[in-house]
Structures are given as structure tokens and as C-alpha cells.
Amino acid sequence: MRTTNFLLSTLKETPADAEIISHQLMLRAGMIRKVAAGIYTWLPAGLRVMRKVENIVRQEMDKAGAQEVLMPSVQPAELWQQSGRWEMYGGELLRMKDRHGRDFAYGPTHEVVITSLMANEIRSYKQLPANFYQIQTKFRDERRPRFGVMRAREFIMKDAYSFHLDQASLQETYDVMYQTYTDIFNRLGLGFRAVDADNGSIGGNASHEFHVLADSGEDAIAVCDKYQYAANVELAEALQLGGARPAASQEMDRVDTPGQHTIAAICEFLSAPIESTIKTLLVKGEEQGSVVALVLRGDHELNELKAEKHPLVASPLTWASDEEVQSAAGCAPGSIGTVGLHLSVTADRSAVNLANFICGANQDDVHLTGVNWGRDCPEPIEFDLRVVVDGDFCARSTDQQDDSRLSIGRGIEVGHIFQLGTKYSEAMNATCLDNNGKAALMPMGCYGIGVSRIVAAAIEQNNDARGIIWPDAIAPFQIVITPIGYKKSDKVKSVCDQLYQQLISLGIEALLDDRNERPGIMFADADLMGIPHRVVIGEKSLDKGQIEYKNRRAEAAEDIAQDAILDFLKSALLKAKIAE
RNA sequence: CGGGGUGUAGCGCAGCCUGGUAGCGCAUCUGGUUUGGGACUAGAGGGUCGUAGGUUCGAAUCCUAUCACCCCGACCA
């Protein structure tokens, strides 16, 4: 491609409404343009990247034995009504009527379409297992689209659905998809993690999210390198800290703490370490009108999702009102404690093993020190209540003496695989005959990849002050040829043209910057667009028989002998490919 | 959906408070000088001031309504 024949819509200035770096760079590099909130046009530079992503996804899905189909983006309401989702789905489902007044929806996902199709197509277990995928435009009417194509309303997704005779077969395909996703993200050249998204109720390996690691990610994830454990922070199990509970060695004592209502204030006031304090939180109980107490070490944070799973706690989690706190504890929040509290008390694992701790006295402006479970107040129910923090032990670890530690990072969810079971096959009556000739509901699996989101996620992970730095596998062009004096020097022109033709004939995607621009502009555009390899051809170096090469990631350029440049580039591309 | 904010040339913004018929930078087009990291110079084109009402002799500016977009939160996967 020659730049004179390519829509190179680069911007020097950053559009005002772009918040995160990938959105800014996609606009500046001329990859996308907004049409409406959360709805974008993909310009040539952007589409080339998206196609690269699609192709890798397609190749790996095919390799895994999945078959490509294409389902409609517009779907009749009847299918959604059959599954009960027409009512359930809510505002995210874009609904519309055709000219006859019939209801339709723009598909946010395709379970109901594929399931009703396969209910007809699959008759025998001999056709199973089967896995079908498509790469399609989806529409989810997000209340608040943001971050460009990262959280758009219309987006491109690869979704796959597998059908099975039994759970064992589903698990097998699930495992294949797990590996396929790993291969895909490796080939894309992205740093990622498979994150345990198991909510515990289904058990096993029922759900994994694949996250591209980036500071701007919307999800916090806990990662342990030693045990290959990664989980959404909200789901990550928090083990006990501090080992077994020491014996009580202090007498309980009352201290006046006027005006001290926060953990930080109490620690300061009493010169006590925060790890020796507990906080007592009152929330509404599952039983109507009841209040239950949740206890955490002073430095820990309540994980609301975990609390909701506690059988005594109302779901969704609701804080007790000030009045309820007053009547249950006899004081205002900030002075609640476990001694003499006539409520069910559940303590986090790391609060249970404390001895001689500090807590409120259930009397305003008074605290207790030297408090011990069992002696001064009843032993609490032990429960995992807290949010894991950086440096916690990994839940996979069996030995707390080892060096496994969780680190907390942020991720962008770009893939999600999960086992659906028979939820949709039941709703759509998708059965096949088993080897006894009996109809059996087909368990299903579902596997999504956010194709358009990957483009943005890749930029979040690969950029610098000058612009995008594409991984080779998804760059819009592999090589950019930047001539110095293309219009002035016949020599420069002919060397550039020749190299360009050679690269093209080798199937290498090269961009020849044949504009009559100053070098600074051409360099800036090439860097902004993130083209991984650049050759600069000018009379000065040609006179020395040299051509300059620079990798987008490299600090400086290097001189290559003119007659060796083609081999050099071929091996540079090959090296990048092997590194994938 | 709740709170906040913004709509003026392709992009970034000023002008609005204190009404007098629109301006700056970048980009674009033409000529000249330039050409190894976003040049210089001379000129040119481009705007229903989001939309609709109202107040006024006169509205980008004041008032009302409405639409769009953005941010924070809630929500969702």
C-alpha cells in the first residue's frame, strides 16, 4: 500500500472526549471514528488490525475442530420469549418492530438462535460433540458506553457454542477451548491471564475469563505466579493471616476514646498497630428484621459478594441503618464491638485468630483493649469475608511457608468460556437420541472473545509517548518504507519502489510513504500507527550503500548494507513470528 | 436511572458574565523557500454558534423547552 492511496487520517491533537490511551490513540491514528455513543466506524487502518485478530481467532477455532457459521444479527422475539429472556434481559436488549409490528431484537448474544437451530439439526449422539462459532456484530445497549471500542454498544465478537451428549464430553471440549484461547492470546502477542471465574455453585472448571493485563482494566484480578492461580479479586479466596491464635495474655480493659470513631483514629489514639484491632459491621440478616454482625481485622476490607453468600446475611447486602445499629448495639457506628453484643457474630478467618484485640465497647466514645474470643465474648462463626490484598497467600498453596503470594493487578476481559449445562437446551427443547434410542438433553458450552475489544486492549498494553506499538501479529502493516526525497531523487525513488515491490511479492504487508512530506511528519505518523518495522531510504545512506532499519520498540536505528536489506527484513519478520 | 458538565469551522479552544451580527491554533487548498523527527512565508476557502420557542430595535451571548455528547455513581457481562 502506498500512503497516497491510503486514508491516513492521523490527528496531532487528542480529541477531547477520549479518556483512556487506547481510545485516544485509535482516534489519533485514524483507526476509528465515532458515529454515535458507543457506535463506531472502522477506518482502513483500524479494520486491517481487526481482520488480523479475526483471522487468528478463526484459524485457531478451526484448528480446534469448531465449525464457522453466520447467524443473523436481528432475531425474532419468539426465540427470546421461548427461553424466557425477552422479559429477563432488560434494557441492554435493543428491541424493535418490523413493518408488520412484529417484535425483534438486535442480538446481544446468540444462544437462543444456535440452540433452536441445533434442536432441529442434531438428531443423533453420533453427531456429537459439535462446536459452532461465528464472528459477528453484537449490540448491547449499555447504559453508559465508554472508552471507545473498549466498552462500546456495537462490537465484534467471536462466539461459539458446543453441544454434547454428556458432561464428560462438555468438559473435554471446554478444556480444548481453554487451550485454544491460550494459543490465541499467545499468537496475538498479548500478556494475559486465564482467570478463575468459578462462583462455586456449579463447581469444577465451569467458567474462566481471559484478561489482558493492563492498568486501565476495569476488573481487579489476583494473580499467583507460583500456582498459576488467577481470580477476580471479588472471588479470590482469602486465607487466614497470622497463623494460630495466641493464648490470651492481657486483661480486658475499658478506655475512653472521645471522638475516635475510625480504625485509623483509634490506632493513632491508642498507639496500637492496626492488625490488633477489629471492626464490627452490622448488616441486615436473611431473617426478616434481623441484624447480624460481621467482624474483620482493622486493616481488612469487607468483600460484599462473599458476605452475601453467608446463609445468615441478606442478599443483596444491606447495611443496618443508624437506628438499627443504635438499638442492636446501643451505640453509633464507630463504637461497635463484640463484647456483650447479642447478635450472631461471624468473623473473617484472619479476625478469628486474633488475641488481645481492640474493639468498640458498644458505648459511644469507649473502646475495649485486650479482648479475647471465648473469654470475653462468644467464639464467632468463621467465614471468608474479606477482600484479598497484595501479598496474601495464594489459596492454592498448601504450605504457608512457601513463597506463593498473590499480587493484585488489573485486567481487561477479552474472553470468557463457560459451561452452560442444559439451561438453553431445556428451554428450546434441544435433544438428540442417545445410544439407547432415547431423547437426551444436550449440555452446552459457550465461548466468547471480544474481537474489537482486543484491538483496544492490545494498545493499552503496547504504547509509548509516540503512539501505538503493535505486536507483529496484528499490526496493520508489517513494514513502513520511509523515503527521504522520494520526489527529488530518482535513486531514492527507484530503490524504494524496488524494495516495496519485492516485499509485496513476498506477501509482506508494506506501506510505502510516497507523500511529499517532510521526514518528521512521516516518522511521526509511522510511530503513531505503530508499524513494527521501519526502513528509511535516503541519498545520504545510499551513497554509502546502506539502508537504515529501525524497530518500533528499539531506541536507535541501525545501518544495513543495501544488498542485504531484503534478507535482513525477512529474518526480522521471521524472528518476530517465532517470538509469538 | 441519579448527580455534574459540554455543545461555536474537520480537530482543540476563546468569545457568553456586561446583547451590537464571530475569532485563535492545528488541519485543508494555492504560490514561493524548504526537506533526517510534526518547517517558514504570502494568500485562500470553510461556521444554520446543537435544535425550537421566547425577551429585545438587535441574541453565540439573556430566559424556557428539547436533543446530543462527556464525566462520576448505580447497573450489567
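Order of the sequence lines sets the chain letters (A, B, ...), proteins ahead of strands, with each chain counted from 1.
With a cut-off of 3.5 Å on both Watson-Crick or G-U wobble distances, the partner of B:rG31 is given as B:rU41. Nucleotide B:rA60 forms a pair with no other nucleotide shown, judged by Watson-Crick or G-U wobble geometry with both contacts under 3.5 Å. Across all strands shown, the partner of B:rC24 is B:rG12, judged by Watson-Crick or G-U wobble contacts whose two distances both fall under 3.5 Å. Across all strands shown, B:rC69 forms a Watson-Crick or G-U wobble pair with B:rG5, both key distances being under 3.5 Å.
Nucleotides B:rA22 and B:rG47 are separated by 9 Å at their C1' atoms, to the nearest Å. Only the C1' atoms considered, B:rA14 is 13 Å distant from B:rU61, to the nearest whole Å. Atom P of B:rG73 sits at a distance of 42 Å from the matching atom of B:rG54, rounded to the whole Å. As rounded to the nearest Å, B:rA60 and B:rG15 have C1' atoms that lie 8 Å from one another. Taking atom C1' in both B:rA42 and B:rU6, the straight-line distance is 38 Å, to the nearest Å. Rounded to whole Å, the C1' atom of B:rC13 lies 13 Å from the corresponding atom of B:rG7. For B:rA52 and B:rA68, the P atoms lie 16 Å apart once the distance is rounded to whole Å. For the C1' atoms, the distance linking B:rU51 with B:rC67 amounts to 7 Å, nearest Å.
A:Y178 pairs by the ring-ring contact (aromatic ring centres under 6.0 Å, His included) definition with A:H208, A:F210, not counting sequence neighbours. With sequence neighbours excluded, the residues satisfying side chain to side chain contact (heavy atoms under 4.5 Å, CB included) with A:E413 are A:E209, A:H211, A:D219, A:H416, A:R453. Annotation: side chain to side chain contact (heavy atoms under 4.5 Å, CB included) contacts of A:E142 (sequence neighbours excluded): A:P145, A:R151, A:R153. Judged as a ring-ring contact (aromatic ring centres under 6.0 Å, His included), and not counting sequence neighbours, the contacts of A:Y549 are A:H533, A:F568. For A:E539, there are no salt bridge (Lys or Arg N to Asp or Glu O under 4.0 Å) partners, not counting sequence neighbours. When the side-chain hydrogen bond (donor to acceptor under 3.5 Å, both in side chains) test is applied to A:S9, no partner is found at least two apart in sequence or on another chain. The salt bridge (Lys or Arg N to Asp or Glu O under 4.0 Å) test applied to A:R48 returns A:E509, not counting sequence neighbours. In this structure A:D543 satisfies the side-chain hydrogen bond (donor to acceptor under 3.5 Å, both in side chains) test together with A:K491, sequence neighbours excluded. Considering only residues two or more places apart in sequence or on other chains, A:K493 meets the salt bridge (Lys or Arg N to Asp or Glu O under 4.0 Å) condition with A:D497.
One interatomic measurement links the two molecules: CZ of A:F418 to P of B:rA77, which rounds to 10 Å at whole-angstrom precision. Taking atom CE of residue A:M88 and atom P of nucleotide B:rC76, one finds them 11 Å apart after rounding to whole Å. Atom C1' of nucleotide B:rG10 and atom CG of A:L8 are separated by 16 Å, given to the nearest angstrom. In this structure, A:D141 places its CG atom 15 Å from P of B:rA77, rounding to the nearest Å. For the pair A:D159 CG and B:rA77 P, the interatomic distance rounds to 17 Å; values are reported in whole Å. Between the C1' atom of B:rC76 and the CZ atom of A:F155 lies a distance of 12 Å, rounded to the nearest Å. The CZ atom of A:R140 sits 14 Å away from the C1' atom of B:rC75 (whole-angstrom rounding). Between the CG atom of A:L94 and the P atom of B:rA77 there is a distance of 18 Å, rounded to whole Å.
Side-chain atoms of A:R151 and base atoms of B:rC76 include a donor and an acceptor less than 3.5 Å apart.
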5' to 3', nucleotides 26-39 of chain B under a 4.0 Å protein heavy-atom cut-off (B base, S sugar-phosphate only, - none) gives S-------BBBBBB

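For the pair A:S116 (side chain) and A:V113 (backbone), a donor-acceptor distance under 3.5 Å is present.
Distance check, rounded to the nearest 0.5 Å: CG of A:L503 to CG of A:L569 gives 6.0 Å.
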N/O-N/O pairs, protein side and nucleotides 43-47 of chain B side, under 3.5 Å:
none

Shorter than 3.5 Å, N or O on both sides, protein versus nucleotides 68-71 of chain B: list them out with atom names.
unit_1: B:rC69; atom_1: OP1; unit_2: A:A37; atom_2: N; d: 3.1
unit_1: B:rC69; atom_1: O3'; unit_2: A:K34; atom_2: NZ; d: 2.9

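Salt bridge status for A:R515 with A:D513: present, with a side-chain N to carboxylate O gap under 4.0 Å. For the pair A:D384 and A:K309, the salt-bridge criterion is not met [side-chain N within less than 4.0 Å of a carboxylate O].
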